[in-house]
Amino acid sequence: MYVRRSAAALAAVTVIGTAGATPAVAVDHTPSASPSVALPAGLYGTADPTYDGVWRQSLALIAQSRMDVQPAVKAIDWLAGQQCADGAFAAFRADPAKACDAKTMVDTNSTAAAVQGLAAVGGHEKETGKAVTWLKSAQNKDGGWGYTPGGASDANSTSVVIGALNAVGEDPAEVRKDGKSPYDALLKLALPCADGGAFAYQPDKKGKLAANADATAAAVVGTLGTGMLATKAGDKKDVACADASDLTAEQASANGAAYLTKAVEKDGYLKSALAGAEDQPDYGNTADAVVALAARAGTQAAQKPVRWLERNAAQWAAQSGPAAYAQLILAADAAGADPRDFGGTDLVKQLNAQGPAPRTAATESEKPSQEKQDDDNGVSLWWIIGVGLVAGIGIGFLMSGRNKGKRP
């Protein structure tokens, strides 16, 4: 979600001719379904984590938090243990005990996602604080962020960092570089209504902007100042596109939502942006669009794409793993659907099965008996103390009476 999707990060592409057809799945085995590295015990998913370990772990923790599920301690510890000493995160570090160096490929997306994941479970203010400090150090002069430090700002990276800032209680508008905020960077990537009101991922080599549905879904949420952890359905609002000489983040968000509404109007899904894949639906981008539409214009605006996902996304999620289940949970929750009965699939149960058993499943059955034992122990203890006090008082009275009886 919101991360720049490259061929290396795509685990599967589902090909269908029409929205009502039975999906036929074409799998891209990059990264390999057979991990080239040993899978840590606390990590969610079984596919090679080289390109997305921190990302999918973070999304899993965020989605579980939204569903009031307490992740396993080792799952949380694994994510926290991926952090470098300077606060940054790479996509995956096979040996966290080895210090990060100049060859460690840290990036803003993994770092910002980890901030939101750790903020979701709470108790990791030190780690999130260091990560946000690092993110601020990587901010570009236009106010935005690129995928890697020093890279040109793009809509997806800037938006996921806005989500991280929101997660730790910082106002993105106040995080500036050379007087520019993240919103300034996003507005530079907003297209006029003549081009649909979409957002571009980033300018091409000639400085031209091209509409990008994935970037638009990310930027609609980003210009609202929120992120994966906090995005909920907003009030019903007008999403008509409107140009303005002084475009605000609020209007740019509405323009982007208008573009997404039109993009899903016919089939209910967004199409893949991969070359030669014009007729392929992109499930992840569609889930992002659901979140964006619900956040900007209310649950009703997201009904067509979320219902399409209900009918068609089960096989994609089963192939793609924890990040996909997390995306669907966040989309369903934002759009007012039930993540525990989404097209007949319990997304929460499926996500939980992707990694170590959540604490909720264990503690709910043990807690009552433990509390009862504590209560019983407490009652027994105070009953014994009470009896002892009464007995002591009685003995005191008896001794007093005897002494009185002996006085002349």
**OP:** Could you list all the disulfide bond (SG atoms under 2.5 Å apart) pairs where at least one residue sits in residues 307-354, not counting sequence neighbours?
**Re:**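 Disulfide bond (SG atoms under 2.5 Å apart) check on residues 307-354 returns no pairs.
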**OP:** Given ring pair (Phe, Tyr, Trp, His ring centres under 6.0 Å), test Trp308 with Tyr283 step by step and report yes or no.
**Re:** CA-CA 10 Å; Trp308 184 87; Tyr283 292 89; 5.1 Å; yes
Going by heavy atoms in the side chains, are [X] and [Y] under 4.5 Å from each other?
X	Y	value
Leu330	Gln327	no
Pro71	Val121	yes
Tyr183	Thr158	no
Ile162	Leu186	yes
Asp214	Asp282	no
Leu189	Pro203	yes
Asn156	Ser159	no
Leu43	Pro49	yes

Subject >> Side chains of Ser157 and Asp154, donor plus acceptor under 3.5 Å >> reply: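 A donor-acceptor contact under 3.5 Å links the two side chains.
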Subject >> Flag for Asp142-Ser153: side-chain donor and acceptor within less than 3.5 Å >> reply: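 A pair is found: one side chain offers a donor N or O, the other an acceptor, under 3.5 Å apart.
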Output all residues satisfying side chain to side chain contact (heavy atoms under 4.5 Å, CB included) with [X], sequence neighbours left out; order by chain, then residue number.
X	value
Asp101	Lys103, Thr104
Arg93	Gln82, Cys84, Ala90, Cys100
Ala335	Val290, Ala302, Gln303, Val306
Glu310	Arg307, Phe342

Point-to-point distance, once rounded to the nearest 0.5 Å, from [atom1] of [X] to [atom2] of [Y]:
X	Y	atom1	atom2	value
Leu209	Asp204	CG	CG	8.0 Å
Met105	Ser110	CE	OG	11.0 Å
Lys304	Glu265	NZ	CD	6.5 Å
Gln70	Ile76	CD	CD1	8.5 Å
Asn255	Leu247	CG	CG	6.0 Å
Asp184	Arg176	CG	CZ	6.0 Å

What's the shortest heavy-atom distance between [X] and [Y], and which atoms?
X	Y	answer
Pro172	Pro182	O-CD, 3.1 Å
Ala138	Pro149	CB-CB, 4.2 Å
Thr226	Asn166	CA-ND2, 3.9 Å
Ala217	Ala292	O-CB, 3.5 Å
Ala200	Ala155	O-CB, 3.4 Å
Ala331	Ala287	CB-O, 3.7 Å

Subject >> Selection residues 58-67 - residue pairs positive for salt bridge (Lys or Arg N to Asp or Glu O under 4.0 Å), sequence neighbours left out >> reply: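 Passing the test, one end in residues 58-67: Arg66-Asp333.
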Original post:
Do the two ring centres, one from Tyr325 and one from Trp316, sit under 6.0 Å apart?
Top reply: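 Centroid separation for Tyr325 and Trp316: 6.0 Å or greater.
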**OP:** Only pairs at least two apart or in different chains count here, so list each side chain to side chain donor-acceptor pair (under 3.5 Å) that has a residue in residues 338-355.
**Re:**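 Those involving residues 338-355 are Gln64-Asn352.
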Subject >> Residue pairs, two or more places apart or on separate chains, that pass side chain to side chain donor-acceptor pair (under 3.5 Å) and touch residues 117-135 >> reply: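 As it turns out, there is no side chain to side chain donor-acceptor pair (under 3.5 Å) pair with a partner in residues 117-135 once direct neighbours are skipped.
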**OP:** Mark yes when over 12 heavy atoms from residues, nucleotides or ligands other than Lys188 sit less than 6.0 Å from its NZ; otherwise mark no.
**Re:**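 Counting other residues, nucleotides and ligands, NZ of Lys188 stays at 12 neighbours or fewer.
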**OP:** Evaluate side chain to side chain contact (heavy atoms under 4.5 Å, CB included) for Val175 paired with Ser181, printing each intermediate quantity in order.
**Re:** CA-CA 6 Å; Val175 179; Ser181 78; over 6 Å; no
Under 3.5 Å: donor-acceptor pair, side chain of [X], backbone of [Y]:
X	Y	value
Lys177	Gln139	yes
Asp178	Lys180	no
Gln116	Met228	yes
Thr216	Phe199	yes
Thr111	Phe89	yes
Lys74	Pro356	no
Trp145	Leu135	yes
Ser65	Leu61	no
Thr108	Gly146	yes
Thr286	Leu270	yes

**OP:** State whether Asp52 and Arg56 are salt-bridged, where the test is any N-O pair (Lys NZ or Arg NE/NH1/NH2 against Asp/Glu carboxylate O) under 4.0 Å.
**Re:**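 Yes, this pair counts.
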Original post:
Passes side chain to side chain contact (heavy atoms under 4.5 Å, CB included), Asn109 versus Tyr147? Steps please.
Top reply: CA-CA 6 Å; Asn109 288 238; Tyr147 185 80; 3.1 Å; yes
**OP:** Show your working on side chain to side chain contact (heavy atoms under 4.5 Å, CB included) between Leu165 and Asp171 and close with a plain yes or no.
**Re:** CA-CA 7 Å; Leu165 296 172; Asp171 182 357; over 6 Å; no
Original post:
Can you list the steps and then say if Ser58 with Leu79 is a side chain to side chain contact (heavy atoms under 4.5 Å, CB included)?
Top reply: CA-CA 7 Å; Ser58 301; Leu79 179 58; 3.7 Å; yes
Original post:
What residues form a salt bridge (charged side-chain N to carboxylate O under 4.0 Å, His left out) with Glu170, not counting sequence neighbours?
Top reply: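 Scan of Glu170 (salt bridge (charged side-chain N to carboxylate O under 4.0 Å, His left out), adjacent residues dropped) gives Lys136.
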